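This report concerns only the one structure given below.
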Amino acid sequence: MAENQAPDVKLPDPVEMSRAMSRIAEQSQRLVSEFLSRQAADGIGSKNAGPDPMGVGHAFLEMTTRMMADPAKLMQAQMSLWQDYLTLWQRTTQRFFGQDTQPVIAPAKDDRRFKDSAWDENTLFDFIKQSYLLSARWMQSTVNQVDGLDDHTAKKVDFYTRQFVDAMAPSNFVMTNPEVLRATIESGGENLVKGLEHLLKDLERGKGELRISMTDYDAFQLGKNIAVTPGKVVFQTSLMQLIQYTPTTPDVNKRPLMIVPPWINKYYILDLREKNSFIKWAVDQGHTVFVLSWVNPDETLAAKGFEDYMFEGPLAALDAIKQATGEDDVNAIGYCLGGTLLASTLAYMAVKKDNRIKSVTFFTTMLDFTEAGELSIFIDEEQLTYIEGQMAEQGYLDGAKMATTFNMLRANDLIWSFVVNNYLLGKDPFPFDLLYWNGDSTRMPAAMHSFYLRNMYQKNQLVQPGAVTLGGVPIDLTKVKVPTMFLSAREDHIAPWKSTYAGAQQFTGPVKFVLGASGHIAGVVNPPAANKYGYWTNDKLPKSPDEWLETATQTPGSWWTEWNRWVSGFADGKVPARQPGDGKLAVIEDAPGSYAKVKND
């Protein structure tokens with residue numbers, strides 16, 4: 001609030017307040033009872049937990065020990081912070097006396113925590129903001145400059161320091177957030193009461209664990225207003241349903257298109273709404289589109305491994321597409337983990353002399369995990385042992401735990417902004433298709449997930465010829481000669497683009513690398529009609545990603561049209577449009593199918 005502006009004050013209604021607090025007390029009592037009952041039934045938590053299962057305390061202890069070994073450097077850092085604070089005090093005092101001053105530190109332009117005008121206009125809140133930013137900068141720079149830490153420990157310390165810094169932001173607390181204070185005064189505290197009700201509802205939804213609502217989950221229904229592109233399930237295995245989409249053009253490319261999405265989330269990230277659906281757009285371009293919709297596994301699929309996903313996924317889909325269309329060959333797309341599986345499948349097929357995939361496109365796919373970004377923080381022996389212990393008890397990894405990990409990579413946007421909106425301001429979450437999909441998480445079968453984490457992330461064996469064996473066959477990515485296009489995203493936190501570029505160096509066939517703007521999702525789901533972002537292309541593929549970018553050409557808009565021009569070169573002509581069910585496969589059910597509709601408990 002501005003310094004000279006007094007907000008309207010609303011006195012709370014004692015009757016309504018009493019009713020609300022009664023509801024909250026009753027709900028709280030029930031939640032606590034249910035939580036304690038579950039803890040007792042589970043033996044008070046996982047038997048594999050231990051005092052520090054993620055090894056965070058050990059990392060910080062090592063960092064502190066090494067920091068204390070150089071007291072002069074620590075004293076210098078403290079003096080630097082003290083000097084910054086003296087400057088801030090001096091300028092704040094000058095501002096109180098009406099003088100114009102320049103800020104000592106300012107938030108980043110994309111930092112939405114301090115967007116309310118009071119953070120700048122009110123001297124007190126401006127001081128709070130700058131104090132926090134100075135402390136945050138000092139804390140992170142100090143831990144980053146500790147000598148002697150191995151690379152993994154240094155990254156872990158940096159990551160969890162940032163989590164602490166983000167959590168302590170003044171925007172996350174009632175008394176130091178001007179927007180929340182204003183809402184509290186104007187509503188007579190109704191925002192905080194409603195926020196408490198939201199908090200309890202989220203605890204109830206998470207069965208005692210806090211699962212922050214990012215959107216209105218009642219606003220969407222699969223097949224009704226999300227995942228609505230017309231199509232039919234024409235084939236299924238225990239791990240996937242194969243959807244064939246209804247054509248919208250009289251003629252279609254002779255060669256069908258097979259899409260292998262990740263199974264960490266559900267396939268319909270590529271089919272959210274009509275205006276941003278890659279699947280619908282591809283159908284409209286004349287592709288006969290088939291999509292694998294992975295099962296949301298339970299404990300009965302605990303023993304399913306990575307090679308089972310290959311045999312019951314893309315290889316089974318290739319056989320089914322032949323039955324549905326009569327075509328032996330396909331063009332294929334793999335997205336993220338689905339791309340890692342598809343690349344592994346191509347290497348297996350190369351050994352088997354199976355050339356049914358005539359072109360392949362990878363969306364934000366990692367093959368070389370040397371530099372796996374911040375996700376590598378969660379992949380060390382301590383944490384893998386802990387995760388495997390959890391999966392051994394349940395038969396799978398809970399999808400909510402995976403979602404939390406991904407959200408931590410962008411905590412201010414995907415955690416704390418919702419804490420402020422839902423719990424402090426008391427606002428209802430806004431209906432948003434992308435965040436609905438993000439919350440519709442899936443489980444990971446124990447055997448598959450352990451194989452993936454250890455062989456890919458921890459040991460980086462996929463790029464080592466013969467190190468990974470699938471179906472009794474040692475595979476080698478360098479044997480893949482299929483024409484390939486890699487689409488990566490410049491701001492991707494999950495599959496960093498320079499890491500995906502390293503993977504693109506593995507294949508020995510013709511490779512086209514395209515770099516989109518934005519991140520792991522928005523960089524992919526970028527329809528041409530939106531005319532957003534842009535992308536980079538380069539006819540050459542030098543060893544260095546920086547060299548590639550320096551000589552790349554930037555084009556405004558969506559990369560989708562660039563991809564369609566490229567893949568059309570492998571269309572193999574045109575044929576009359578094919579309807580689902582016209583071939584040798586009978587229709588099982590309407591898209592999106594029953595597998596996609598399975599929710600976690």
Side-chain angles (χ1 to χ4, degrees), residues 1-7 60 63-64 66-68 70-147 154-155 157-185 374 408-417 419-421 424-425 491 493:
M1 68 198 80
E3 290 169 290
N4 298 318
Q5 180 182 347
F60 274 90
M63 182 271 292
T64 303
R66 294 187 181 275
M67 181 187 293
M68 293 302 180
D70 191 351
K73 190 173 183 179
L74 181 59
M75 179 64 70
Q76 184 180 15
Q78 290 173 328
M79 289 299 295
S80 176
L81 177 64
W82 180 241
Q83 185 61 50
D84 284 338
Y85 265 112
L86 284 177
T87 304
L88 177 59
W89 272 108
Q90 181 183 32
R91 294 187 186 180
T92 301
T93 303
Q94 290 172 341
R95 187 171 171 183
F96 270 122
F97 283 102
Q99 298 180 34
D100 291 332
T101 61
Q102 292 296 314
V104 179
I105 189 171
K109 290 182 179 179
D110 60 349
D111 191 340
R112 291 180 288 183
R113 294 175 296 177
F114 305 106
K115 67 182 185 299
D116 190 277
S117 60
W119 288 110
D120 298 319
E121 296 171 0
N122 186 292
T123 303
L124 175 60
F125 285 115
D126 180 56
F127 175 79
I128 292 172
K129 174 191 68 180
Q130 292 194 60
S131 296
Y132 163 73
L133 292 173
L134 287 174
S135 298
R137 184 176 69 182
W138 174 82
M139 190 176 296
Q140 290 185 277
S141 64
T142 300
V143 300
N144 286 337
Q145 292 170 12
V146 174
D147 295 326
K155 287 180 178 178
V157 168
D158 176 68
F159 179 81
Y160 283 104
T161 298
R162 193 171 76 242
Q163 298 302 310
F164 173 77
V165 165
D166 290 346
M168 296 308 294
S171 52
N172 297 335
F173 300 92
V174 176
M175 298 306 294
T176 52
N177 185 324
E179 186 181 5
V180 174
L181 273 177
R182 188 187 308 119
T184 304
I185 293 170
E374 288 189 325
M408 287 173 70
L409 300 180
R410 292 175 53 213
N412 284 327
D413 291 336
L414 296 178
I415 297 176
W416 296 111
S417 66
V419 168
V420 173
N421 182 80
L424 301 187
L425 293 173
E491 300 168 28
H493 291 79

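No experiment lies behind these values; they were computed from the predicted model shown. Position 1 is the first residue of the sequence; numbering continues from there.
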Side chain of [X], backbone of [Y]: donor and acceptor closer than 3.5 Å?
{"X": "Lys73", "Y": "Gln145", "answer": "yes"}
{"X": "Trp138", "Y": "Ala77", "answer": "yes"}
{"X": "Gln163", "Y": "Met408", "answer": "yes"}
{"X": "Asn421", "Y": "Ser417", "answer": "no"}
{"X": "Thr87", "Y": "Gln83", "answer": "yes"}

Any [X] side-chain heavy atom under 4.5 Å of [Y] side chain:
{"X": "Arg113", "Y": "Asp166", "answer": "yes"}
{"X": "Phe125", "Y": "Asn177", "answer": "no"}
{"X": "Leu133", "Y": "Phe114", "answer": "yes"}
{"X": "Ser171", "Y": "Trp119", "answer": "yes"}

Point-to-point distance, once rounded to the nearest 0.5 Å, from [atom1] of [X] to [atom2] of [Y]:
{"X": "Thr123", "Y": "Ile128", "atom1": "OG1", "atom2": "CD1", "value": "11.0 Å"}
{"X": "Arg112", "Y": "Asp413", "atom1": "CZ", "atom2": "CG", "value": "4.5 Å"}
{"X": "Leu424", "Y": "Thr184", "atom1": "CG", "atom2": "OG1", "value": "8.0 Å"}
{"X": "Leu425", "Y": "Glu179", "atom1": "CG", "atom2": "CD", "value": "5.0 Å"}
{"X": "Leu88", "Y": "Ile105", "atom1": "CG", "atom2": "CD1", "value": "9.5 Å"}

Please work out whether the ring planes of Trp89 and Phe127 are parallel, tilted or perpendicular, with thresholds of 30° and 60°.
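Tilted: the ring planes of Trp89 and Phe127 meet at 30° to 60°.
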
Where is the tightest heavy-atom contact between [X] and [Y], given as atom of each residue plus distance?
{"X": "Val165", "Y": "Ala136", "value": "CG1-CB, 3.3 Å"}
{"X": "Pro170", "Y": "Tyr132", "value": "CD-CG, 3.3 Å"}
{"X": "Thr176", "Y": "Pro178", "value": "O-CD, 3.8 Å"}
{"X": "Thr142", "Y": "Val146", "value": "O-CG2, 3.5 Å"}

Gln94 CD: over 12 foreign heavy atoms closer than 6.0 Å:
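Atom CD in Gln94 is crowded, with more than 12 foreign heavy atoms closer than 6.0 Å.
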
Would you indicate whether Phe173, at its atom CZ, is surrounded by more than 12 heavy atoms from other residues, nucleotides or ligands within a distance under 6.0 Å?
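Yes, because the 6.0 Å sphere around CZ of Phe173 holds more than 12 heavy atoms from other groups.
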
So, using salt bridge (Lys or Arg N to Asp or Glu O under 4.0 Å) as the criterion, who are the partners of Arg91 when residues are at least two apart?
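Arg91: no salt bridge (Lys or Arg N to Asp or Glu O under 4.0 Å) contacts found.
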
Salt bridge (Lys or Arg N to Asp or Glu O under 4.0 Å) contacts in which one or both residues fall within residues 167-177, not counting sequence neighbours:
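Qualifying pairs: none.
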
Can you list every pair that meets salt bridge (Lys or Arg N to Asp or Glu O under 4.0 Å) and has a residue in residues 127-141, with sequence neighbours left out?
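Checked against salt bridge (Lys or Arg N to Asp or Glu O under 4.0 Å) - neighbours excluded - the pairs reaching residues 127-141 are Asp84-Arg137, Asp120-Lys129, Asp126-Lys129.
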
Could you tell me whether Arg162 and Glu374 have a side-chain N and a carboxylate O separated by less than 4.0 Å?
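Looking at Arg162 and Glu374, the cut-off is met.
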
Apply side-chain contact (heavy atoms from CB on, under 4.5 Å) to Gln130 and Thr92, showing your working.
CA-CA 10 Å; Gln130 292 194 60; Thr92 301; 5.7 Å; no

